[in-house]
Amino acid sequence: MSLLIYNSLSGEKEEFVPVHPGRVGMYVCGPTVYGPCHIGHARSVVVFDVIARYLRIKGYDVKYVRNFTDVDDKIINRAAETGLSAAEVAEKYIAEFYRDMDALFVQRATVEPRATEHISDIIRVIQLLVDKGVAYESGGDVFFSVDRFPEYGKLSGRRLEEMDAGARIEVDKRKKNPFDFVLWKAEKPGEPSWDSPWGRGRPGWHIECSAMSTHYLGETFDIHGGGRDLLFPHHENEIAQSEAAFGRQFVRYWVHNGFVRIDKEKMSKSLNNFKTVKEILDSYDPEAVRLFLLSKHYRSPVDFSQASMDQSNDSGDGSDLWDRFCQAMDDDFNTARGIAVLFEAAREINRALDSGTNEDRCKAMEARETMVRIGSVLGLFNVSAREHLERQKDAVARETHIDSAKIDSMVAQRAAARKARDFATADRIRDQLAGLGVVLEDLPDGTTIWKFTGKG
RNA sequence: GGCGGCAUAGCCAAGUGGUAAGGCAUCGGUCUGCAAAACCGACAUUCUCCGGUUCAAAUCCGGAUGCCGCCUCCA
(Lines give C-alpha, C1' and ligand atoms only; values in the text may rest on other atoms or scores of the structure.)
Protein backbone atom coordinates (compact mmCIF):
# COMPACT_ATOMS: atom_id res chain seq x y z
CA MET A 1 0.00 0.00 0.00
CA SER A 2 1.60 3.25 -1.04
CA LEU A 3 1.29 6.52 0.76
CA LEU A 4 0.10 9.58 -1.13
CA ILE A 5 1.09 13.04 0.02
CA TYR A 6 -0.14 16.29 -1.43
CA ASN A 7 2.92 18.27 -2.42
CA SER A 8 2.47 22.04 -2.44
CA LEU A 9 5.35 22.24 -4.91
CA SER A 10 3.52 20.28 -7.62
CA GLY A 11 -0.02 20.97 -6.47
CA GLU A 12 -0.76 17.25 -6.67
CA LYS A 13 -0.87 14.15 -4.54
CA GLU A 14 2.31 12.18 -5.12
CA GLU A 15 3.44 8.76 -4.07
CA PHE A 16 5.77 9.10 -1.11
CA VAL A 17 9.28 7.83 -1.84
CA PRO A 18 11.87 8.79 0.79
CA VAL A 19 15.40 9.82 -0.12
CA HIS A 20 16.78 6.91 1.92
CA PRO A 21 14.56 3.79 1.92
CA GLY A 22 12.97 3.19 5.29
CA ARG A 23 13.99 6.54 6.69
CA VAL A 24 12.18 9.87 6.75
CA GLY A 25 13.66 13.29 7.42
CA MET A 26 10.99 15.80 8.36
CA TYR A 27 11.36 19.45 9.31
CA VAL A 28 8.46 21.54 10.56
CA CYS A 29 8.62 25.27 11.24
CA GLY A 30 7.96 25.83 14.91
CA PRO A 31 6.82 29.00 16.64
CA THR A 32 8.53 32.31 17.09
CA VAL A 33 8.43 32.42 20.86
CA TYR A 34 7.24 35.90 21.70
CA GLY A 35 3.74 35.14 22.99
CA PRO A 36 1.32 32.43 24.06
CA CYS A 37 0.37 29.60 21.70
CA HIS A 38 -3.00 29.88 20.06
CA ILE A 39 -5.20 27.12 18.70
CA GLY A 40 -3.74 27.75 15.22
CA HIS A 41 -0.29 26.77 16.43
CA ALA A 42 -1.86 23.76 18.07
CA ARG A 43 -3.42 22.64 14.81
CA SER A 44 -0.10 22.68 13.01
CA VAL A 45 1.71 20.94 15.83
CA VAL A 46 -1.01 18.28 16.25
CA VAL A 47 -1.27 17.64 12.51
CA PHE A 48 2.45 17.03 12.15
CA ASP A 49 2.47 15.04 15.38
CA VAL A 50 -0.05 12.67 13.78
CA ILE A 51 1.90 12.56 10.53
CA ALA A 52 5.08 11.61 12.40
CA ARG A 53 3.22 8.99 14.45
CA TYR A 54 1.67 7.51 11.33
CA LEU A 55 4.95 7.35 9.42
CA ARG A 56 6.48 5.57 12.40
CA ILE A 57 3.70 3.02 12.69
CA LYS A 58 4.16 2.36 8.97
CA GLY A 59 7.69 1.32 9.85
CA TYR A 60 9.72 4.37 8.87
CA ASP A 61 12.60 5.52 11.00
CA VAL A 62 11.51 9.14 11.35
CA LYS A 63 13.86 11.96 12.23
CA TYR A 64 11.55 14.81 13.08
CA VAL A 65 13.05 18.27 13.56
CA ARG A 66 10.97 21.16 14.86
CA ASN A 67 12.65 24.46 15.62
CA PHE A 68 12.07 27.39 17.90
CA THR A 69 12.75 30.83 16.47
CA ASP A 70 14.26 32.48 19.52
CA VAL A 71 15.78 35.61 18.01
CA ASP A 72 13.57 37.94 16.02
CA ASP A 73 12.19 41.50 15.89
CA LYS A 74 9.05 40.53 17.72
CA ILE A 75 10.93 38.89 20.55
CA ILE A 76 13.16 41.94 20.85
CA ASN A 77 10.14 44.25 20.89
CA ARG A 78 8.48 42.10 23.48
CA ALA A 79 11.63 42.22 25.58
CA ALA A 80 11.69 45.99 25.38
CA GLU A 81 8.03 46.16 26.48
CA THR A 82 8.43 43.84 29.44
CA GLY A 83 11.91 44.72 30.64
CA LEU A 84 13.04 41.13 30.23
CA SER A 85 15.96 40.15 28.02
CA ALA A 86 15.22 38.64 24.62
CA ALA A 87 16.55 35.33 25.89
CA GLU A 88 14.22 35.46 28.90
CA VAL A 89 11.22 36.19 26.69
CA ALA A 90 12.09 33.21 24.49
CA GLU A 91 12.63 30.95 27.48
CA LYS A 92 9.30 31.91 29.00
CA TYR A 93 7.28 31.14 25.87
CA ILE A 94 9.18 27.96 25.09
CA ALA A 95 8.13 26.75 28.53
CA GLU A 96 4.52 27.71 27.77
CA PHE A 97 4.70 25.93 24.44
CA TYR A 98 5.75 22.71 26.15
CA ARG A 99 3.11 23.08 28.83
CA ASP A 100 0.35 23.50 26.21
CA MET A 101 1.54 20.86 23.77
CA ASP A 102 2.22 18.30 26.49
CA ALA A 103 -1.34 18.85 27.65
CA LEU A 104 -2.49 18.02 24.11
CA PHE A 105 -0.45 14.79 24.20
CA VAL A 106 1.91 16.00 21.48
CA GLN A 107 5.03 13.86 21.36
CA ARG A 108 8.43 15.56 21.38
CA ALA A 109 10.21 15.88 18.06
CA THR A 110 13.49 14.02 17.60
CA VAL A 111 15.42 17.29 17.66
CA GLU A 112 14.10 20.69 18.75
CA PRO A 113 16.82 23.17 17.88
CA ARG A 114 16.84 26.90 18.52
CA ALA A 115 18.15 29.47 16.07
CA THR A 116 20.59 30.92 18.60
CA GLU A 117 22.25 27.51 18.98
CA HIS A 118 23.09 27.44 15.28
CA ILE A 119 24.57 30.85 14.54
CA SER A 120 27.75 29.35 13.09
CA ASP A 121 25.75 27.08 10.76
CA ILE A 122 23.72 30.09 9.67
CA ILE A 123 26.84 32.14 8.97
CA ARG A 124 28.31 29.25 7.00
CA VAL A 125 25.27 29.15 4.67
CA ILE A 126 25.29 32.92 4.22
CA GLN A 127 29.00 32.81 3.42
CA LEU A 128 28.34 30.17 0.75
CA LEU A 129 25.73 32.44 -0.81
CA VAL A 130 28.02 35.47 -0.71
CA ASP A 131 30.85 33.43 -2.23
CA LYS A 132 28.60 32.33 -5.05
CA GLY A 133 27.53 35.89 -5.70
CA VAL A 134 23.91 35.16 -4.84
CA ALA A 135 23.97 37.37 -1.77
CA TYR A 136 25.40 40.84 -1.27
CA GLU A 137 26.40 42.92 1.72
CA SER A 138 25.33 46.49 2.26
CA GLY A 139 26.12 48.43 5.42
CA GLY A 140 26.45 45.35 7.60
CA ASP A 141 23.26 43.78 6.29
CA VAL A 142 23.38 40.85 3.87
CA PHE A 143 20.64 40.37 1.29
CA PHE A 144 19.69 37.44 -0.90
CA SER A 145 19.44 38.40 -4.56
CA VAL A 146 16.29 36.85 -5.99
CA ASP A 147 17.38 37.73 -9.53
CA ARG A 148 20.25 35.29 -9.14
CA PHE A 149 17.86 32.40 -8.50
CA PRO A 150 15.83 31.90 -11.70
CA GLU A 151 13.43 29.45 -10.10
CA TYR A 152 12.31 31.97 -7.48
CA GLY A 153 8.54 31.64 -7.12
CA LYS A 154 8.26 27.96 -8.00
CA LEU A 155 6.66 27.00 -4.71
CA SER A 156 4.11 29.78 -4.42
CA GLY A 157 3.42 29.76 -8.16
CA ARG A 158 4.11 33.41 -8.73
CA ARG A 159 6.46 35.27 -10.94
CA LEU A 160 8.40 38.24 -9.69
CA GLU A 161 6.85 40.51 -12.34
CA GLU A 162 3.35 39.65 -11.18
CA MET A 163 3.88 40.59 -7.60
CA ASP A 164 2.89 43.94 -6.28
CA ALA A 165 6.07 44.92 -4.50
CA GLY A 166 5.90 47.59 -1.90
CA ALA A 167 2.13 47.71 -2.01
CA ARG A 168 1.97 47.68 1.73
CA ILE A 169 5.46 48.26 2.99
CA GLU A 170 8.19 50.59 1.94
CA VAL A 171 11.00 49.00 -0.01
CA ASP A 172 14.51 49.23 1.40
CA LYS A 173 16.48 51.41 -1.01
CA ARG A 174 19.60 49.28 -0.71
CA LYS A 175 17.83 46.25 -2.21
CA LYS A 176 18.68 45.48 -5.82
CA ASN A 177 15.27 43.89 -6.27
CA PRO A 178 12.34 44.73 -3.99
CA PHE A 179 11.92 41.02 -3.25
CA ASP A 180 15.45 40.55 -2.03
CA PHE A 181 15.34 39.53 1.61
CA VAL A 182 17.63 39.86 4.59
CA LEU A 183 19.96 37.03 5.54
CA TRP A 184 21.92 38.92 8.19
CA LYS A 185 20.93 42.06 10.07
CA ALA A 186 23.54 44.51 11.34
CA GLU A 187 23.60 45.02 15.10
CA LYS A 188 21.47 47.72 16.66
CA PRO A 189 22.15 48.99 20.16
CA GLY A 190 20.71 46.81 22.89
CA GLU A 191 19.88 43.90 20.59
CA PRO A 192 21.33 40.42 20.77
CA SER A 193 24.21 40.05 18.32
CA TRP A 194 26.98 37.73 17.22
CA ASP A 195 30.25 38.20 15.36
CA SER A 196 30.22 37.55 11.64
CA PRO A 197 32.32 38.27 8.56
CA TRP A 198 30.03 41.27 7.99
CA GLY A 199 30.34 42.64 11.51
CA ARG A 200 28.22 42.02 14.56
CA GLY A 201 24.58 41.26 13.94
CA ARG A 202 21.90 38.60 13.96
CA PRO A 203 20.32 36.25 11.45
CA GLY A 204 17.27 37.11 9.36
CA TRP A 205 14.25 34.91 9.78
CA HIS A 206 14.35 32.60 6.77
CA ILE A 207 17.96 31.55 6.90
CA GLU A 208 17.76 29.73 10.23
CA CYS A 209 15.43 27.08 8.83
CA SER A 210 17.72 26.38 5.88
CA ALA A 211 20.72 26.11 8.19
CA MET A 212 19.09 23.94 10.85
CA SER A 213 17.12 21.63 8.56
CA THR A 214 20.11 20.79 6.39
CA HIS A 215 22.35 20.50 9.43
CA TYR A 216 20.21 17.74 10.88
CA LEU A 217 18.68 16.17 7.79
CA GLY A 218 21.11 16.73 4.94
CA GLU A 219 21.01 19.02 1.93
CA THR A 220 18.04 17.15 0.44
CA PHE A 221 15.41 15.77 2.76
CA ASP A 222 11.91 14.37 2.57
CA ILE A 223 9.22 16.46 4.19
CA HIS A 224 9.08 20.11 5.14
CA GLY A 225 5.94 21.30 6.85
CA GLY A 226 4.26 24.32 8.32
CA GLY A 227 1.16 26.44 8.17
CA ARG A 228 -0.10 27.64 4.80
CA ASP A 229 0.84 31.18 5.71
CA LEU A 230 4.50 30.19 5.64
CA LEU A 231 4.34 29.16 2.00
CA PHE A 232 5.17 32.67 0.88
CA PRO A 233 7.56 34.21 1.47
CA HIS A 234 9.17 32.01 4.11
CA HIS A 235 9.30 28.66 2.37
CA GLU A 236 9.86 30.22 -1.03
CA ASN A 237 12.89 31.95 0.45
CA GLU A 238 14.11 28.80 2.13
CA ILE A 239 14.11 27.03 -1.22
CA ALA A 240 15.97 29.90 -2.87
CA GLN A 241 18.64 30.06 -0.17
CA SER A 242 19.15 26.35 0.19
CA GLU A 243 19.16 25.41 -3.46
CA ALA A 244 21.36 28.37 -4.37
CA ALA A 245 23.80 27.48 -1.59
CA PHE A 246 23.95 23.71 -2.02
CA GLY A 247 23.12 23.37 -5.70
CA ARG A 248 20.60 20.59 -5.29
CA GLN A 249 16.94 19.97 -4.53
CA PHE A 250 16.17 21.11 -1.00
CA VAL A 251 12.93 19.32 -0.08
CA ARG A 252 10.98 16.54 -1.79
CA TYR A 253 7.52 17.06 -0.28
CA TRP A 254 6.16 20.37 0.97
CA VAL A 255 3.21 19.93 3.32
CA HIS A 256 1.07 22.85 4.49
CA ASN A 257 -1.78 22.76 6.95
CA GLY A 258 -4.84 25.01 6.64
CA PHE A 259 -5.87 27.70 9.08
CA VAL A 260 -8.08 27.71 12.08
CA ARG A 261 -10.80 30.28 11.49
CA ILE A 262 -13.04 32.25 13.76
CA ASP A 263 -16.24 33.53 12.23
CA LYS A 264 -14.98 32.48 8.80
CA GLU A 265 -11.86 34.56 9.18
CA LYS A 266 -8.30 33.44 9.68
CA MET A 267 -7.23 33.45 13.29
CA SER A 268 -3.94 35.20 13.81
CA LYS A 269 -2.00 37.18 16.27
CA SER A 270 -2.02 40.23 14.04
CA LEU A 271 -5.82 40.19 13.69
CA ASN A 272 -5.99 39.74 17.44
CA ASN A 273 -8.88 37.32 17.15
CA PHE A 274 -7.00 34.33 18.49
CA LYS A 275 -7.88 31.89 21.22
CA THR A 276 -4.96 30.65 23.25
CA VAL A 277 -4.47 26.97 23.84
CA LYS A 278 -4.50 27.61 27.55
CA GLU A 279 -7.92 29.25 27.60
CA ILE A 280 -9.40 26.53 25.43
CA LEU A 281 -7.98 23.83 27.70
CA ASP A 282 -9.61 25.58 30.64
CA SER A 283 -13.00 24.73 29.14
CA TYR A 284 -12.44 21.63 27.05
CA ASP A 285 -10.92 18.22 27.35
CA PRO A 286 -7.53 17.94 25.60
CA GLU A 287 -8.60 14.88 23.65
CA ALA A 288 -11.74 16.66 22.49
CA VAL A 289 -9.49 19.44 21.21
CA ARG A 290 -7.37 16.92 19.31
CA LEU A 291 -10.46 15.25 17.89
CA PHE A 292 -11.75 18.64 16.80
CA LEU A 293 -8.47 19.58 15.13
CA LEU A 294 -8.32 16.26 13.28
CA SER A 295 -12.00 16.16 12.30
CA LYS A 296 -11.25 18.01 9.09
CA HIS A 297 -8.63 17.26 6.47
CA TYR A 298 -5.44 19.08 7.44
CA ARG A 299 -5.36 21.21 4.28
CA SER A 300 -8.88 22.63 4.72
CA PRO A 301 -9.71 25.47 7.04
CA VAL A 302 -11.36 24.44 10.29
CA ASP A 303 -13.81 26.77 12.01
CA PHE A 304 -13.40 27.21 15.70
CA SER A 305 -16.57 27.95 17.62
CA GLN A 306 -18.16 27.10 20.91
CA ALA A 307 -20.66 24.91 19.07
CA SER A 308 -18.11 22.91 17.11
CA MET A 309 -16.03 22.32 20.21
CA ASP A 310 -19.06 21.27 22.22
CA GLN A 311 -19.77 18.68 19.57
CA SER A 312 -16.30 17.16 19.80
CA ASN A 313 -16.60 17.14 23.55
CA ASP A 314 -19.63 14.79 23.43
CA SER A 315 -17.96 12.01 21.50
CA GLY A 316 -16.62 9.12 22.77
CA ASP A 317 -13.12 -8.35 12.00
CA GLY A 318 -10.35 -5.87 13.73
CA SER A 319 -7.60 -6.10 11.07
CA ASP A 320 -10.11 -5.05 8.43
CA LEU A 321 -10.75 -1.88 10.39
CA TRP A 322 -7.03 -1.25 10.64
CA ASP A 323 -6.65 -1.65 6.88
CA ARG A 324 -9.39 0.84 6.29
CA PHE A 325 -7.80 3.28 8.68
CA CYS A 326 -4.50 2.94 6.81
CA GLN A 327 -6.24 3.47 3.49
CA ALA A 328 -7.58 6.76 4.78
CA MET A 329 -4.23 7.84 6.18
CA ASP A 330 -2.34 6.70 3.09
CA ASP A 331 -4.45 9.14 1.11
CA ASP A 332 -2.71 12.33 2.17
CA PHE A 333 -3.23 11.72 5.91
CA ASN A 334 -7.03 11.82 5.78
CA THR A 335 -7.78 11.91 9.50
CA ALA A 336 -11.45 12.77 9.00
CA ARG A 337 -11.95 9.47 7.19
CA GLY A 338 -9.78 7.73 9.76
CA ILE A 339 -12.00 8.98 12.56
CA ALA A 340 -15.02 7.42 10.81
CA VAL A 341 -13.25 4.06 11.05
CA LEU A 342 -12.67 4.74 14.72
CA PHE A 343 -16.40 5.21 15.31
CA GLU A 344 -17.14 2.02 13.41
CA ALA A 345 -14.64 0.17 15.56
CA ALA A 346 -16.41 1.49 18.63
CA ARG A 347 -19.75 0.26 17.35
CA GLU A 348 -18.32 -3.14 16.51
CA ILE A 349 -16.97 -3.51 20.03
CA ASN A 350 -20.26 -2.60 21.64
CA ARG A 351 -22.24 -4.83 19.31
CA ALA A 352 -20.03 -7.80 20.07
CA LEU A 353 -20.19 -7.16 23.79
CA ASP A 354 -23.97 -6.88 23.62
CA SER A 355 -24.41 -10.22 21.97
CA GLY A 356 -22.16 -11.84 24.55
CA THR A 357 -21.11 -15.09 22.86
CA ASN A 358 -17.51 -16.17 23.30
CA GLU A 359 -16.77 -15.74 19.63
CA ASP A 360 -18.13 -12.21 19.75
CA ARG A 361 -16.09 -11.43 22.83
CA CYS A 362 -12.98 -12.37 20.86
CA LYS A 363 -14.09 -10.06 18.09
CA ALA A 364 -14.58 -7.29 20.61
CA MET A 365 -11.04 -7.81 21.90
CA GLU A 366 -9.67 -7.58 18.38
CA ALA A 367 -11.65 -4.48 17.57
CA ARG A 368 -10.53 -2.95 20.83
CA GLU A 369 -6.89 -3.54 19.94
CA THR A 370 -7.46 -1.88 16.60
CA MET A 371 -9.13 1.03 18.26
CA VAL A 372 -6.24 1.50 20.66
CA ARG A 373 -3.82 1.33 17.74
CA ILE A 374 -5.75 3.95 15.79
CA GLY A 375 -5.89 6.01 18.95
CA SER A 376 -2.13 5.82 19.28
CA VAL A 377 -1.73 7.32 15.82
CA LEU A 378 -4.24 10.08 16.37
CA GLY A 379 -3.00 10.64 19.90
CA LEU A 380 -6.36 9.79 21.49
CA PHE A 381 -7.30 7.53 24.43
CA ASN A 382 -4.44 8.74 26.54
CA VAL A 383 -6.56 8.54 29.65
CA SER A 384 -9.05 5.88 30.71
CA ALA A 385 -12.77 6.46 30.39
CA ARG A 386 -13.09 6.51 34.15
CA GLU A 387 -10.37 9.09 34.63
CA HIS A 388 -11.85 11.07 31.78
CA LEU A 389 -15.16 11.19 33.57
CA GLU A 390 -13.52 12.26 36.82
CA ARG A 391 -11.64 15.06 35.11
CA GLN A 392 -14.77 16.30 33.40
CA LYS A 393 -16.65 16.28 36.70
CA ASP A 394 -13.88 18.24 38.39
CA ALA A 395 -13.76 20.79 35.60
CA VAL A 396 -17.51 21.38 35.54
CA ALA A 397 -17.79 21.38 39.32
CA ARG A 398 -15.07 24.01 39.48
CA GLU A 399 -16.72 26.16 36.84
CA THR A 400 -20.27 25.95 38.17
CA HIS A 401 -19.37 25.76 41.87
CA ILE A 402 -21.48 22.67 42.30
CA ASP A 403 -20.33 20.47 45.15
CA SER A 404 -19.79 16.98 43.78
CA ALA A 405 -19.88 15.48 47.29
CA LYS A 406 -23.44 16.73 47.57
CA ILE A 407 -24.33 15.08 44.29
CA ASP A 408 -22.79 11.84 45.50
CA SER A 409 -24.99 11.90 48.56
CA MET A 410 -28.12 12.59 46.51
CA VAL A 411 -27.21 9.67 44.26
CA ALA A 412 -26.85 7.51 47.36
CA GLN A 413 -30.27 8.62 48.63
CA ARG A 414 -31.80 7.71 45.31
CA ALA A 415 -30.12 4.31 45.41
CA ALA A 416 -31.64 3.68 48.83
CA ALA A 417 -35.08 4.67 47.58
CA ARG A 418 -34.74 2.39 44.58
CA LYS A 419 -33.73 -0.47 46.79
CA ALA A 420 -36.91 0.09 48.81
CA ARG A 421 -38.77 0.22 45.49
CA ASP A 422 -39.84 3.76 46.27
CA PHE A 423 -39.56 4.85 42.68
CA ALA A 424 -41.47 8.08 43.18
CA THR A 425 -38.77 9.35 45.54
CA ALA A 426 -36.00 7.96 43.37
CA ASP A 427 -37.33 9.73 40.30
CA ARG A 428 -37.84 12.96 42.21
CA ILE A 429 -34.19 12.96 43.22
CA ARG A 430 -33.19 12.17 39.66
CA ASP A 431 -35.24 15.13 38.43
CA GLN A 432 -33.55 17.40 40.95
CA LEU A 433 -30.18 16.23 39.72
CA ALA A 434 -31.26 16.80 36.13
CA GLY A 435 -31.97 20.38 37.16
CA LEU A 436 -28.30 20.67 38.13
CA GLY A 437 -27.25 19.30 34.77
CA VAL A 438 -26.47 15.87 36.13
CA VAL A 439 -27.48 12.72 34.29
CA LEU A 440 -27.43 9.26 35.88
CA GLU A 441 -26.56 5.91 34.45
CA ASP A 442 -27.57 2.75 36.35
CA LEU A 443 -25.14 -0.03 35.60
CA PRO A 444 -26.11 -3.71 35.46
CA ASP A 445 -24.15 -4.42 38.65
CA GLY A 446 -26.47 -2.13 40.61
CA THR A 447 -24.07 0.80 40.90
CA THR A 448 -24.80 4.21 39.48
CA ILE A 449 -22.45 6.63 37.77
CA TRP A 450 -23.26 10.23 37.03
CA LYS A 451 -21.95 12.97 34.79
CA PHE A 452 -22.63 16.52 33.80
CA THR A 453 -24.48 16.98 30.53
CA GLY A 454 -23.40 20.53 29.93
CA LYS A 455 -27.05 21.43 29.57
CA GLY A 456 -28.28 22.70 32.90
C1' G B 1 -4.15 44.70 -9.74
C1' G B 2 -1.88 39.43 -9.70
C1' C B 3 -2.34 34.30 -7.81
C1' G B 4 -5.02 30.40 -5.25
C1' G B 5 -8.79 27.65 -2.40
C1' C B 6 -13.70 26.31 -1.02
C1' A B 7 -19.36 25.73 -1.70
C1' U B 8 -22.28 18.16 0.10
C1' A B 9 -28.74 16.93 4.91
C1' G B 10 -30.77 20.94 10.80
C1' C B 11 -25.28 21.15 12.15
C1' C B 12 -19.98 19.11 11.60
C1' A B 13 -17.70 16.31 7.68
C1' A B 14 -15.59 12.27 3.92
C1' G B 15 -16.02 11.38 -1.09
C1' U B 16 -11.25 13.70 -8.16
C1' G B 17 -15.98 9.26 -13.70
C1' G B 18 -19.93 4.27 -11.85
C1' U B 19 -24.71 5.85 -8.96
C1' A B 20 -23.84 10.10 -1.60
C1' A B 21 -18.61 7.37 4.52
C1' G B 22 -18.78 8.84 9.56
C1' G B 23 -20.31 11.98 13.75
C1' C B 24 -23.88 15.30 16.36
C1' A B 25 -29.12 16.36 16.55
C1' U B 26 -34.10 14.30 15.57
C1' C B 27 -37.82 10.20 15.20
C1' G B 28 -39.20 4.85 15.95
C1' G B 29 -37.75 -0.10 18.34
C1' U B 30 -34.90 -3.57 21.93
C1' C B 31 -33.14 -3.24 26.92
C1' U B 32 -34.84 -0.75 31.71
C1' G B 33 -39.44 -0.17 37.52
C1' C B 34 -38.98 4.42 34.45
C1' A B 35 -34.63 6.58 32.53
C1' A B 36 -29.49 6.88 30.92
C1' A B 37 -25.80 4.19 28.19
C1' A B 38 -25.54 0.52 24.39
C1' C B 39 -27.57 -1.91 20.15
C1' C B 40 -31.21 -2.20 15.79
C1' G B 41 -33.90 0.91 12.26
C1' A B 42 -35.42 5.74 9.84
C1' C B 43 -33.12 10.36 8.22
C1' A B 44 -29.65 14.11 1.01
C1' U B 45 -33.39 10.32 -5.84
C1' U B 46 -29.28 14.44 -4.46
C1' C B 47 -24.18 17.44 -3.79
C1' U B 48 -24.74 26.69 -4.71
C1' C B 49 -26.76 27.94 -9.76
C1' C B 50 -26.54 27.64 -15.39
C1' G B 51 -24.52 25.33 -19.58
C1' G B 52 -21.09 21.46 -21.78
C1' U B 53 -18.19 16.58 -22.30
C1' U B 54 -19.52 11.27 -21.33
C1' C B 55 -23.10 5.16 -21.75
C1' A B 56 -22.32 7.35 -16.82
C1' A B 57 -20.42 13.61 -13.08
C1' A B 58 -20.87 15.76 -6.31
C1' U B 59 -16.54 14.32 -8.99
C1' C B 60 -14.03 16.65 -15.73
C1' C B 61 -14.64 21.53 -18.78
C1' G B 62 -16.83 26.69 -19.36
C1' G B 63 -19.66 30.54 -17.03
C1' A B 64 -22.37 32.89 -12.75
C1' U B 65 -23.00 33.79 -7.50
C1' G B 66 -21.19 33.53 -2.54
C1' C B 67 -17.32 32.86 1.17
C1' C B 68 -12.11 32.61 2.31
C1' G B 69 -6.75 32.90 1.76
C1' C B 70 -1.83 34.63 -0.20
C1' C B 71 0.92 38.78 -2.57
C1' U B 72 3.47 42.27 4.79
C1' C B 73 4.97 39.44 10.37
C1' C B 74 1.82 35.17 11.10
C1' A B 75 0.89 27.83 12.38
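Just so it is clear: chains get the letters A, B, ... in the order the sequence lines come, proteins before strands, and each one is counted from 1. Computed from a predicted structure; not experimentally measured.
- Nucleic acid contact class of K266(A) (heavy atoms, under 4.0 Å, all strands): base.
- Using a 4.0 Å heavy-atom cutoff across all strands shown, V47(A) reaches no nucleic acid atom at all.
- Interatomic distance, NE2 of H256(A) versus CZ of R299(A), reported as 11.5 Å (0.5 Å rounding).
- With the nearest nucleotide of RNA chain B identified for both P233(A) and R430(A), R430(A) has the one nearer the 5' end.
- Heavy atoms of G225(A) sit nowhere under 4.0 angstrom from any nucleic acid atom.
- Side-chain N/O atoms of R158(A) and base N/O atoms of G4(B) include no donor-acceptor pair closer than 3.5 Å.
- Residues N273(A) and E265(A) bring no donor and acceptor atom of their side chains to less than 3.5 Å of each other.
- Spacing between A42(B) and A57(B) at atom P, rounded to whole Å, works out to 27 Å.
- Within 4.0 Å of H297(A), counting heavy atoms only, lie sugar-phosphate atoms of the nucleic acid but no base atom.
- Among the protein residues, L230(A) comes within range of the sugar-phosphate backbone only, with heavy atoms under 4.0 Å from sugar or phosphate atoms but none that close to a base.
- If you check every strand for non-hydrogen atoms under 4.0 Å, S268(A) touches a base.
- At a threshold of 4.0 angstrom between heavy atoms, the contacts of R159(A) with the nucleic acid are absent.
- Positionally, the nearest nucleotide of RNA chain B for P301(A) lies more toward the 5' end than for the other of P301(A) and F232(A).
- Among the heavy atoms of the strands lying under 4.0 Å from N350(A) are primed sugar atoms or P, OP1, OP2 only; no base atom is included.
- With hydrogens and angles left out, the side chain of D229(A) and the base of G69(B) share no donor-acceptor pair within 3.5 Å.
- Residue contacts for N334(A): at a heavy-atom cut-off of 4.0 Å it reaches the sugar-phosphate backbone alone, with no base atom in range.
- No contact: R299(A) has no heavy atom under 4.0 Å from any strand.
- Residue R414(A) is classed as a base contact, given a heavy-atom separation below 4.0 Å to a base.
- Using a 3.5 Å distance cut-off with no hydrogens or angles, the side chains of Y93(A) and D70(A) do not pair a donor with an acceptor.
- Ring centroid separation for the pair Y98(A) and F68(A) comes in under the 6.0 Å cut-off.
- Not less than 6.0 angstrom separates the ring centroid of H41(A) from the ring centroid of F274(A).
- An aromatic stack links F423(A) and the base of G33(B), using centre distance under 5.5 Å and interplanar angle under 30°.
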